[in-house]
Amino acid sequence: MATDATGREPKYQRIAKALKAEIQSGALEPGARLPGENDLMSQYGVARMTARQALGVLQSEGLTEARKGVGVFVRAFQPLRRRGIPRLMREQWGSGRSVWDADLGDRDLTVDQVEVRDGAASENVARVLGLEEGERVWLRSRRFVLDGKPVLLSTSYLPASLVEGSAITQPDTGPGGIYARLAELGYGPVHFREEIRSRMPLPEEAAKLSLPAGTPVMLICRTAFAEEGRVVEVNEMVLDAAAYVLEYDFDA
């Protein structure tokens, strides 16, 4: 915990902690407007910069969002609990359900900005797929919008030699999605690996996800393996970090 020269927590941190407690207790409900800089200056007897820093802490933690010319508000969007293991089980996509069905409940999901095309594999994608650099792959790029809010950018790469002419090369892959179609081709996934990192978003990512300033993203790279360890898909995802809870529930 950061402290000032006196060994105490800085004033802006104490103010941010008090506001955070109000948010977590429900005293400040989703969509509620937080006290402005002038209000905090008066209430706590601090300078404008201190009040601004306190509000900035809450924004950086994804608890609030600033609306230009209006104020700072508690984020009304409720994070999605992404159930990392059940969503990828064969009985999920193998029965014609979307992997998202494990997470959504009654929430509304739409997919837009869909782009499906073939192209040359980059060095990294080729390496993971076991291809030569520049060898043809099919790319499926899409944006996922939950309850009207963009939350995820996803690009899948699949060997062209494997999926050429299949529904995977169409915008709508049908019930069960990519994995159900791979199974029909004889290459159903039997194992998945996900690697997770975080960073600040690139300008294009921030624009596509409509991210408030200071909101980081999570990067998930998923590799799907068929029998005998053959890699059949690499999926690179960019998630709004404030929009997700990543849940991994498994037996010891």
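Residues R143 and V151 form no side-chain contact, since every pair of their non-hydrogen atoms from C-beta on lies 4.5 Å or further apart. Looking at heavy atoms from C-beta onward, R8 lies in side-chain contact with R14 at the 4.5 angstrom threshold. Using a 4.5 Å heavy-atom threshold, the side chains of L88 and V99 count as touching. When side chains are defined from C-beta on, E115 does not count as touching R142, because their heavy atoms never get closer than 4.5 Å. V74 is listed as a side-chain neighbour of L34, based on a closest heavy-atom distance under 4.5 Å. No side-chain heavy atom of P216 sits under 4.5 Å from any side-chain heavy atom of S198. In this structure, V114 and V111 have side chains that are in contact, with non-hydrogen atoms separated by less than 4.5 Å. In this structure the side chain of S25 never reaches within 4.5 angstrom of the side chain of I23, judged on heavy atoms.
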task = Evaluate side-chain contact (heavy atoms from CB on, under 4.5 Å) for L239 paired with M237, printing each intermediate quantity in order.
result = CA-CA 6 Å; L239 295 72; M237 294 167 270; 3.8 Å; yes
task = In sequence, state the C-alpha distance, the side-chain angles, and the governing distance for E133 and R127, and then conclude on salt bridge (charged side-chain N to carboxylate O under 4.0 Å, His left out).
result = CA-CA 7 Å; E133 184 178 354; R127 177 178 53 80; over 6 Å; no
task = Any chance you could lay out the side-chain contact (heavy atoms from CB on, under 4.5 Å) test for R199 and E205, step after step, and finish with the verdict?
result = CA-CA 11 Å; R199 60 164 167 76; E205 294 166 347; 2.9 Å; yes
message = The test is side chain to side chain donor-acceptor pair (under 3.5 Å); show your working for T155 and N235 and say whether it passes.
response = CA-CA 6 Å; T155 303; N235 187 348; over 6 Å; no
R82 and E247: CA distance, side-chain angles, deciding distance, side-chain contact (heavy atoms from CB on, under 4.5 Å) verdict = CA-CA 6 Å; R82 182 184 187 272; E247 178 184 292; over 6 Å; no
request  = Mind running side-chain contact (heavy atoms from CB on, under 4.5 Å) on L28 and F73 for me, showing each step along the way?
outcome  = CA-CA 9 Å; L28 283 171; F73 294 79; over 6 Å; no
task = Could you give me the CA-CA distance, side-chain angles and deciding distance for R87 and D103, then say whether salt bridge (charged side-chain N to carboxylate O under 4.0 Å, His left out) is met?
result = CA-CA 7 Å; R87 69 196 318 269; D103 308 327; 2.8 Å; yes
message = Working note: R140 + E233, criterion salt bridge (charged side-chain N to carboxylate O under 4.0 Å, His left out); need CA distance, chi angles, decisive distance, verdict.
response = CA-CA 11 Å; R140 298 184 55 85; E233 182 216 25; over 6 Å; no
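In this structure, R117 is not positioned above the aromatic face of W138 in the sense of NZ or CZ being under 6.0 Å from the six-membered ring centre and within 45° of the axis.
Residues V163 and V116 share a single hydrophobic cluster, defined by chaining ILVMFWY side chains whose heavy atoms lie under 4.5 Å apart. If you chain together hydrophobic residues whose side chains sit under 4.5 Å apart, L152 and Y248 fall into the same group. A continuous path of hydrophobic side-chain contacts links I220 to I85 [ILVMFWY only; heavy atoms under 4.5 Å].
Nearest heavy-atom pair across A242 and T215 is CB-CG2, 4.2 Å. What you find for R107 and P79 is that their closest heavy atoms are NH1-O, 3.5 Å. The shortest heavy-atom contact between A120 and G134 is CB-O, 3.6 Å. The nearest pair of heavy atoms linking C221 to E236 is SG-CG, 4.3 Å. In plain terms, the two heavy atoms of S95 and Q92 that are nearest each other are OG-O, 3.0 Å. Across all their heavy atoms, Y179 and A224 have their closest contact at CE2-CB, 4.1 Å.
Using a 4.5 Å cut-off between side-chain heavy atoms of Ile, Leu, Val, Met, Phe, Trp and Tyr, M41 forms no hydrophobic cluster with any other residue. Cluster note: L209 groups with L153, L211, V217, L219, V238 through ILVMFWY side-chain heavy atoms spaced under 4.5 Å, whether in direct contact or through intervening members. Through direct or relayed side-chain contacts under 4.5 Å between Ile, Leu, Val, Met, Phe, Trp and Tyr, V231 connects to V125, V128, L129, L131, V137, L139, Y157, F225, V234.
To the nearest 0.5 Å, atom CD of residue E194 and atom OG1 of residue T223 are 9.0 Å apart. With rounding to the nearest 0.5 Å, the separation of OG1 in T110 from CG in L146 is 8.5 Å. With rounding to the nearest 0.5 angstrom, the CG atom of L104 is 7.0 Å from the OG atom of S98. With rounding to the nearest 0.5 angstrom, the CG atom of L80 is 9.0 Å from the CG atom of D147. The distance from atom CD of E164 to atom OG1 of T169, rounded to the nearest 0.5 Å, is 7.0 Å. Note that CZ of R75 and CD of E65 are 5.5 Å apart. Values are rounded to the nearest 0.5 Å.
Atom CZ of R197 has 12 or fewer neighbouring heavy atoms from other residues, nucleotides or ligands inside a 6.0 Å radius.
For the pair Q13 (side chain) and P10 (backbone), a donor-acceptor distance under 3.5 Å is absent.
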Under 3.5 Å, sequence neighbours excluded: what are the donor-acceptor pairs made by side chains of residues 46-57?
unit_1, atom_1, unit_2, atom_2, d
R48, NH1, E37, OE1, 3.1
R48, NH1, N38, OD1, 3.2
R48, NH2, N38, OD1, 2.7
R52, NE, E37, OE2, 2.9
R52, NH2, E37, OE1, 3.2

Can you give the donor-acceptor pairs under 3.5 Å from side chains of residues 182-193 to other protein atoms, not counting sequence neighbours?
unit_1, atom_1, unit_2, atom_2, d
E184, OE1, R181, NE, 2.9
E184, OE2, R181, NE, 3.4
E184, OE2, R181, NH2, 2.8

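Salt-bridge formation is detected for the pair K208/E204: a Lys NZ or Arg NE/NH1/NH2 atom is positioned less than 4.0 Å from an Asp or Glu carboxylate oxygen.
The side-chain hydrogen bond (donor to acceptor under 3.5 Å, both in side chains) check on D101 picks up nothing, with sequence neighbours excluded.
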